Structures are given as C-alpha cells and as structure tokens.
> 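Supplied in structure tokens, the structure appears directly below.
Values in this document were obtained by computation on a predicted structure and should not be read as measured data.
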Amino acid sequence: MFALPKLDAEVLHRITKRGVAEIIPEVEFLKRLEGDKPLKLKMGFDPSRPDLHLGHVVGLRKLRQLQDLGHELVLIVGDWTAQIGDPSGQSDTRTMLDAAQVKENAETYMRQFFRVVDPEKTRAVYQSEWFGKFTLASVIELTSYFTVNQFLHREDFANRYAGQRPIAITELLYPLLQGYDSVAIEADVEFGGTDQLFNLMVGRELQEKKGQRPQIVFTMPILPGTDGVRRMGKSLGNYIAIEDAPSEMFGKVMSLPDNVIALYFELLTDIPDKELEEIRTAIEARTTNPIEFKKRLGLELVTWFHSAEDGAQVQAEFERVFQQREQPVNVPDFTVTKATEGASNIDEGSFTADLSRLLVAAGLAASRGEARRLLQQKAVEIDGTRVIEETVQVPFGVIVRAGRRRFVRLVKG
RNA sequence: GGAGGGAUGGGAGAGCGGUUAAAUCCAUCAGACUGUAAAUCUGACGCCCGAUGGGCUACGCAGGUUCGAAUCCUGCUCCCUCCA
C-alpha cells in the first residue's frame, strides 16, 4: 500500500545538501530513504518557551521536505526535559510547569509549528507517557550506560569544567532523557542544530544499547540572529518570530547585516542554488545593493507566513517610510482632548502642545526625559518639519513623528 | 566537615568611604552619512519638577558606623569554586 516516491537526484540533493551540516551516517540515511517504510522523524521541543522563530524554521523546513516524501514526524513534547533546561552555559533554575501550563504551551507551539510542518503527517507525544512511569531503578539504569568522562566531552560541559564554572547534575541528565525519547518512539532520524550533536548522539547510542536500530543524526547549521553574530534565540532578543506582524517581520529582515543575507536565503528559502551563488557573489563583489536582496528575502518570508498582499504592502510601506522618508499610509490616531497631558488652549482647529508631555501621552516616548531627548536630538517632526521647541502651536490632523518608526496623527476629540 | 570567592543598571563587568546616576563593552535610541532599519561615525541612554537649577529612587535583604556608604561593620538570604 505504502510506497515511497522514487527520489530524483534534485530532490535528494536538496534534502541532503542544502541547509545541512552533517548526516551521521549519510550512506545509511540514503539507504533508509529508499526503504519501503516511512521513516519516523523525531523532533523534540521544550514547552516552556513556545515562541517559534526562524531559527526553528530551518529544521522545520527540513522535516517538511521529508514529510512531503511520505515520512512521518513524531513530535516530542518535552514536558520533563523542560524542567531541567538544556545546558546553555547559564545555570538558571527553571520552574516546574504544571500539566495545564504544559498543555497550553504545547498547543501554542503546535499552532506555530504547523505553519511549516504538515499536520497530517505529524504525531505529538508527551514525554510523560514514558517518564511518568519511570522509577528510580529506571533512572539508575539509564545513567549506567554512560560515564561522566563521556559527557564531559560535550563542548559546553568541557568548557565549563575547564573554566571552573558550574555544571548541574540535572544537566547531565538532560541528554539521557532526550536520548531515551528516541528509544521510546523508536526514532529513525533525529534532527537538531549543530549544537544538538551531542544529545542526538546519545540517543543513537542508547538505542543501540537497547537493541534498536540506531537513529540517523541529522544536524543543520545554526541560523544567526538579527545581530548577525549570535545564534537566533528568544532570550538574546535577536529573533524574528513566526508570528511577528508583517511589518515587523519585514523590518527585522531589513535590519540584517549584509553578511548573513545569503545564509538566510540558503536556510530559509527554496531559491535555486545557482541564484544563491549569484547573491553571494553579488554581495561580496558589491555589484548589487544588498537592500534589494533583503527586500526579496523579507517579501518571501512575509508572503510565506502571512500573505502575498501583506508582503507587497509592507514592502511598499518600507520604501515609502524609510527610503523616501515619507509618512506612512496608515498612521494611528491619537485623540487630543482637554484631559490630554500636554494639550492646552484647544480651539476648533488647533491647540498648544507641550511636546515633552504630549509625546509621552501619545505613546511616542517612554518618559518626559526621553521626549526631551528626542526633541534635542532633532528626532521629532510635525508634518515633516523638524521641531525642537517644547511648546508649539499645532493644528489638528497633523502627523507627529518621533524617531524613525513612531508616528501618530493628532485628532480632535 | 574545612577554606575561599561572589551578589552592581536590559546583559556582561569596573568601582571598594566623598569629585559615582555609578568606568568600559554589548544591546537600545537618536543624528550624520550611505546603494540599506547593513557598515561606519557622532551623541544620548533612571524618574520627576515652576528646571543652565532642584528633588527622588538605584549597587541581594535588614540593621549599624560616619558629616557622608555601592564602597566599612553586623546579621540574614542566595550563588559559586576548591579541599575532604
């Protein structure tokens, strides 16, 4: 009944080469792809931070590609590992999540997850299905397969050990639990960023010790965040979320440093390798303005996660506001009344504005101090004219701009 | 059980009795420039006020010493390293 489609060279190439760091072992993976059973693809997630960003998307796209070939994804909801926290160099204690919270987070997660991955070929399972039944004896057994020395080889641990920084015992448990998940579901392939290599290998070994066919370890490059340097991460504040509004998503793409543009195309789009090369050389040789590539990237991403209309609109708006330095099409209204801070002498057509107060009232500045700073720094415009004075007479209907991105239209209440 | 180190602004990390709203770096914001919300350069970056000045908050928590404390003392709380 089930038949995996015949793989043509191009598809195969895209799956095994594009956006791939390492497949261990690659030949075995190819062999299994040709098998007559759909593969069980494993992907875990930690339900304590359900915000998906483009860093996750790199892996999700790969899963999608394989699903499209007929393989099946098993999504592990890490309700136990979430309590430990994957070693990240910090020793922040995580709070225990209650079951309801986990469920809610998991749902949020999956809602985002299915924007990339095919829900029809996805099965979600909770770690508690097996760890809920674990006894101390099972834990001890699990730990018996490895030595501390082996674990200290993991780069992160090795660095911390050498630097006399703390390594929590629970952190050592993390790879074991994640690895056991592979045993529990009998995973064929597990996916992760290159930083996950160690954990993935533990799963592979654990399966072998348990007499299972060891999973293929499939790693992908880490996507740098909007700072272009550090990995994209929520806690680093350099991420583009799947659920970012169109303008925000586009804007964040536009703020990418030039040197990561090509990598973003490689990991997040399907543009042909040939074009990828062209982009790469064009940026290096400075023959094309990189902003053009960023626009294209932004457009693709917004189209994908929102719609083509949103993409077009948001790009037009960007060009208008930031390139032409004109006013945006849709400016939110701010209603000025007698009660408004910073507004006085209101008559039919205009009023006297104390800008240090009004900017705060209108949400354009966080404090009066900041409002004054903006005025001082020549960052405030009223209908396109720079304003430095604190007190000015303004007509209703004008657009006030504070800085590059904040706009408000003053309307009479 | 023993010895020692530490808790500072969004993050990292100086300061170790006054001139410290607190160096520096990163992030952030603004301006300039630009083929870009890249890069680069410059500046700003606690809050409040009748404001070239004044006030209030802030360096784990609670007290104390002092004209004056992030800096010294005491007691808490938490964290870490090493030895056993």
> Quantified in whole Å, what is the C1' atom distance between nucleotide B:rC83 and nucleotide B:rU74?
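Straight-line distance between the two C1' atoms is 29 Å.
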> Give a yes or no on whether the backbone of A:Val331 and the side-chain of A:Arg409 come within a donor-acceptor separation of less than 3.5 Å.
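Checked: no pair found.
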> Got a donor-acceptor contact below 3.5 angstrom from the A:Arg18 side chain to the A:Glu266 backbone?
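A pair under 3.5 Å: yes.
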> Between B:rG10 atom C1' and A:Asn238 atom CG, what is the distance in whole Å?
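The answer, rounded to whole Å, is 14 Å.
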> Quick check on RNA chain B: between A:Pro257 and A:Val380, whose nearest nucleotide comes earlier from the 5' end?
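Mapping each residue to its closest nucleotide by heavy atoms, the 5'-most match is A:Val380.
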> Once you round it to whole Å, what is the distance between C1' of B:rA39 and CG of A:Leu256?
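Between C1' of B:rA39 and CG of A:Leu256: 13 Å.
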> Can a donor-acceptor pair be found between the side chains of A:Asp354 and A:Thr352 at a distance below 3.5 Å?
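A:Asp354 vs A:Thr352: no donor-acceptor pair found between side chains.
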> A:Ile283 has an atom CD1; how far is it from atom P of B:rA39, in whole Å?
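Taking atom P of B:rA39 as the reference, CD1 of A:Ile283 is at 14 Å.
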> Suppose you measure atom C1' in B:rU77 against the same atom in B:rU20; what distance do you get, rounded to whole Å?
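Going atom to atom, C1' in each nucleotide, I get 27 Å.
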> Calculate the interatomic distance between A:Leu297 atom CG and B:rU36 atom C1'; express it in whole Å.
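A:Leu297 atom CG is separated from B:rU36 atom C1' by 14 Å.
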> Quantified in whole Å, what is the P atom distance between nucleotide B:rG43 and nucleotide B:rC80?
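The answer is 42 Å between these two P atoms.
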> Quick one: A:Met249 CE to B:rA37 C1', roughly how many Å, whole number?
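Spelled out: CE on A:Met249 to C1' on B:rA37 is 16 Å.
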> Looking across every strand, which nucleic acid part, if any, lies under 4.0 Å from A:Lys294 by heavy atom: base, sugar-phosphate, or nothing?
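Since a base atom lies under 4.0 Å of A:Lys294, the category is base.
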> Without decimals, in angstroms, what is the distance between A:Leu374 CG and B:rA30 P?
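After rounding, the reported distance stands at 7 Å.
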> Mapping A:Arg230 and A:Ser247 onto RNA chain B by nearest heavy atom, which one lands closer to the 5' end?
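Closest to the 5' end, via its nearest nucleotide, is A:Arg230.
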> Whether A:Glu248 and A:Lys252 form a salt bridge (side-chain N of Lys/Arg under 4.0 Å from carboxylate O of Asp/Glu) is what I want to check.
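Yes.
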> Between A:Glu277 and A:Lys274, does at least one N-O distance fall below 4.0 Å, as a salt bridge requires?
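Judged by the 4.0 Å cut-off on N to carboxylate O distance, A:Glu277 and A:Lys274 do not form a salt bridge.
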> Closest approach to the side chain of A:Arg386, judged atom by atom: which nucleotide of B:rA32, B:rA37, B:rU81 is it?
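Given the options B:rA32, B:rA37, B:rU81, the side chain of A:Arg386 is closest to B:rA32.
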> Is it the case that the side chains of A:Ser356 and A:Glu390 hold a donor-acceptor pair, with the cut-off being a distance below 3.5 Å and no angle test?
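The answer is yes; a qualifying pair exists.
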> Would you measure the distance from the P atom in B:rG18 across to the matching atom in B:rC33 and give it in whole Å?
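About 44 Å, rounded to a whole number of Å.
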> If a protein heavy atom is under 4.0 Å from the base, mark B; if only from the sugar-phosphate, S; if neither, -; do that for nucleotides 41-56 of chain B going 5' to 3'.
--BSS-SSSSB-----
> Work out how far the C1' atom of B:rC72 is from that of B:rA84, and round it to whole angstrom.
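These two C1' atoms come out 34 Å apart once rounded.
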> Relative to A:Phe146, does A:Lys209 satisfy both conditions: NZ or CZ under 6.0 angstrom from the six-membered ring centre, and within 45 degrees of the ring's axis?
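Yes, a cation-pi geometry holds between A:Lys209 and A:Phe146.
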> Can A:Thr122 and A:Gln67 be counted as having a side-chain donor-acceptor contact under 3.5 angstrom?
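Their side chains do contain a donor-acceptor pair, which is all the 3.5 Å distance test asks for.
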> When the P atoms of B:rA58 and B:rG63 are compared, how many Å lie between them, rounded to an integer?
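Roughly 12 Å separates the two P atoms.
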> Between A:Tyr239 and A:His53, what is the ring plane arrangement, given parallel below 30°, perpendicular above 60°, and tilted in between?
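Tilted.
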> For A:Met254 and B:rA38, what is the distance between atoms CE and C1' respectively, to the nearest whole Å?
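Those two atoms, CE and C1', are 9 Å apart.
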> Indicate yes or no for a side-chain donor-acceptor contact from A:Gln215 to the backbone of A:Leu200 under 3.5 Å, with no hydrogens or angles considered.
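Yes, the answer is positive, given that a donor and an acceptor are paired below the 3.5 Å cut-off.
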> Any salt bridge between A:Arg204 and A:Glu208, counting N to O under 4.0 Å?
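Looking at A:Arg204 and A:Glu208, the cut-off is not met.
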> When every nucleotide of nucleotides 3-8 of chain B is labelled 5' to 3' by its protein contacts under 4.0 Å (heavy atoms), B for base, S for sugar-phosphate only, - for none, what sequence of letters results?
------
> Please measure how far the P atom in B:rA14 lies from the corresponding atom in B:rG68, and state the result in whole Å.
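Approximately 30 Å lies between the P atom of B:rA14 and that of B:rG68.
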> Which stems does RNA chain B form, counting runs of 3 or more consecutive Watson-Crick or G-U wobble pairs with both distances under 3.5 Å?
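The stems that RNA chain B takes part in, listed by first number, are B:1-7 with B:77-83, B:10-12 with B:24-26, B:28-32 with B:40-44, B:46-49 with B:53-56, B:60-64 with B:72-76.
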> Could you tell me how far B:rC45 sits from B:rG31 if I compare only their P atoms? Round to whole Å.
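Pairwise P distance, B:rG31 against B:rC45, rounds to 16 Å.
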> Taking atom CD as the centre, does A:Gln324 end up with more than 12 heavy-atom neighbours from other residues, nucleotides or ligands that are less than 6.0 angstrom away?
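It does: A:Gln324 CD has more than 12 such atoms within range.
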> Before accepting this row, confirm whether a basic side-chain N of the pair A:Glu341/A:Arg368 lies closer than 4.0 Å to the acidic partner's carboxylate O.
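So A:Glu341 does not pair with A:Arg368 through a salt bridge.
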> Expressed as a whole number of angstroms, how long is the span from A:Arg325:CZ to B:rA30:P?
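About 10 Å, once rounded to whole Å.
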